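Here's the structure we're looking at; comments come further down.
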Amino acid sequence: MKLRDVLFIALIIFVTFILLIPTLLGSIGATPPGDLRNIAKLYLYLTYNIFNKSFWTASPEAVTAIVWDYRGLDTLYETIVFYTAIIAALMLYSEILGQRDVVGGIGLSFIVKRGFSIALLAIIAVGFSTVLHGMLTPGGGFQGGAIVAVAPVIALIVFSRKLFDYSKLSYRLLVALRSLALTGIVLVPLIPLALTLGNGFIFQNQVKTLARFSYPSTIIDVPMGGSLLLLNLFEGIAVFTAFMLAFIVLLYSEDLSKKPLEGEDIGY
Amino acid sequence: MRRLLKAIAPSIFVFFIYIVYSGNITLFDIVTGLVIAIATGVILGPLVVEDWKKSLSLPRFFKLVTYIARYFLIDEVKAHWNVIKIGLNPRMPIKPGIVRVPIRSKNEYAITLVAISITNTPGTVVVDVDKERGILYVNWIYVVNEKPDITYKEIAEVFDRYASKIFD
């Protein structure tokens, strides 16, 4: 055995020990307590309590209930931040938005195209299932929207952007879809207020003692979570279109994407 | 009309994945699954399906199921066993090289299936495809012989036979 091999083995053992010692000595930290804290108990007790519906959300999934109901306003503002970020990114490229790219690529080899076109179907099925089961399982609008967005992002590379430049899913349609979805997100919390002539609450989901408005608590044969399903659906569409728009802009060819930057070298 | 016929097979596939991933069969899953499946099928059908008659042929589908079972239970096991023997042998008896493998499948899906099957078995990797001449270039861990008929028999014959029955 060469000296080099011996040193290499010694190095591996040394690194393993260096990582092992702090792990064993307590960088794991104190283990979390086995009993639930009061706030967790409260949410678990209230979220889907069919015997005490005064604060329930009609959704068995407590995390979704917290995200879109108990602290729905917080999520609404998060959505607005994401919305603004994408709009700002698109504005930088406002000169070339919606244009067909000058380079007409043919994409990757047919093996990748054929393999991916089957994966494409599966990605979309999984994404929409995540969106539509947000009130039943861990998941929801953002997660599902991000999964569905993977499909067009890979398709942009595999089939080349020609597929999108010449398809009906144009830039304008995507912006319109996104705006509609965001309008939906704004309207769902306001509908209780409008329908009860001001006697409801913003972001009201189920019936309260003071306000009689309620979104339906079941859809077909599963708990619907009232507004949660609608908000998840709109958020899913908004996130999917946002990612797709961002990548359509990012993946412009160099010739075209240099256009908005013209003059940067002399300080324009 | 042709667009709708092309949509059927992808729709069934999307519906199947949707139900399996959801892990439930309530009426809600079936209704939402159908909506998503039909919409996806109609939009993406022309991209995925070339010939709708082939896509709906049951004999081809059962051939595909048999092939998948055979591939994972027999061909994969054999290939793994060979590579394990090479890996555990202290003399490391390898003789790597890139060989030409002629195949008879013509359809893009069929060639894709052959290429993926070869790459997924340990010991062989497809590095390039010549679609017009029907040749795969395969990086082989132990080149027994460079002659095309022998490489075909050793590497691709089973996959090619099934692939052309399923897709051609």
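All of these numbers come straight from a predicted model, not from anything done at the bench. Naming: A, B, ... by sequence-line order, numbering from 1 per chain.
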*asked:* Is A:Thr130 close to chain B through its backbone or its side chain, or both, or neither, when contacts mean heavy atoms under 4.5 Å?
replied: both
*Do the side chain of A:Asp221 and the main chain of B:Leu27 share a donor and acceptor less than 3.5 angstrom apart?*
yes
*Distance from A:Ile124 atom CD1 to B:Ile17 atom CD1, nearest 0.5 Å?*
12.0 Å
*Inspect the surroundings of CZ in B:Arg60 and state if more than 12 heavy atoms from other residues, nucleotides or ligands are less than 6.0 Å away.*
yes
*Applying the side-chain contact (heavy atoms from CB on, under 4.5 Å) test to A:Ile220, which of B:Ile30, B:Thr26, B:Val31, B:Asp29 qualifies?*
B:Val31
*With only heavy atoms counted, which part of A:Ile111 is less than 4.5 Å from chain B, the side chain, the backbone, both or neither?*
both
_B:Tyr21 versus A:Ser129, closest heavy-atom pair with distance_ = CD2-OG, 3.3 Å
*asked:* For A:Leu169, which atoms come within 4.5 Å of any heavy atom of chain B: side chain, backbone, both, or neither?
replied: neither
*Locate the shortest heavy-atom distance separating A:Ala122 from B:Phe13; write the atom from each residue and the value.*
N-CE2, 4.1 Å
*Any idea which heavy atoms bring B:Tyr18 and A:Phe128 closest together, and the distance?*
CE1-C, 4.0 Å
*For atom CZ of A:Phe55, decide whether the heavy atoms of other residues, nucleotides or ligands shown that lie under 6.0 angstrom number more than 12.*
no
*asked:* How long is the straight-line distance from CG of B:Leu47 back to CG of A:Leu121, given to the nearest 0.5 Å?
replied: 8.5 Å
*asked:* Looking at B:Phe61, I'd like to know if its CZ atom is crowded, meaning that more than 12 non-hydrogen atoms belonging to other residues, nucleotides or ligands lie closer than 6.0 Å.
replied: no
*For B:Thr32, which of A:Leu132, A:Ile219, A:Leu229 qualifies under side-chain contact (heavy atoms from CB on, under 4.5 Å)?*
A:Leu132
*asked:* For B:Arg161, is the CZ atom crowded, meaning more than 12 foreign heavy atoms sit under 6.0 Å from it?
replied: yes
*Count the heavy atoms belonging to other residues, nucleotides or ligands that lie under 6.0 Å from CD of A:Gln99, then report whether that count exceeds 12.*
yes
_Please determine whether the number of non-hydrogen atoms from other residues, nucleotides or ligands lying under 6.0 Å from atom OH of A:Tyr171 exceeds 12._
yes
*Which region of B:Val129, side chain (C-beta onward) or backbone (N, CA, C, O), has a non-hydrogen atom less than 4.5 Å from a non-hydrogen atom of chain A, or is it both or neither?*
side chain
*Any chance CG of A:Leu11 has more than 12 other-residue heavy atoms, nucleotides or ligands included, within less than 6.0 Å?*
yes
_Minimal non-hydrogen separation, A:Arg114 against B:Thr112, with atom names_ = CB-OG1, 3.5 Å
*Can you establish whether the number of heavy atoms outside B:Lys153 located under 6.0 Å from its atom NZ is more than 12?*
no
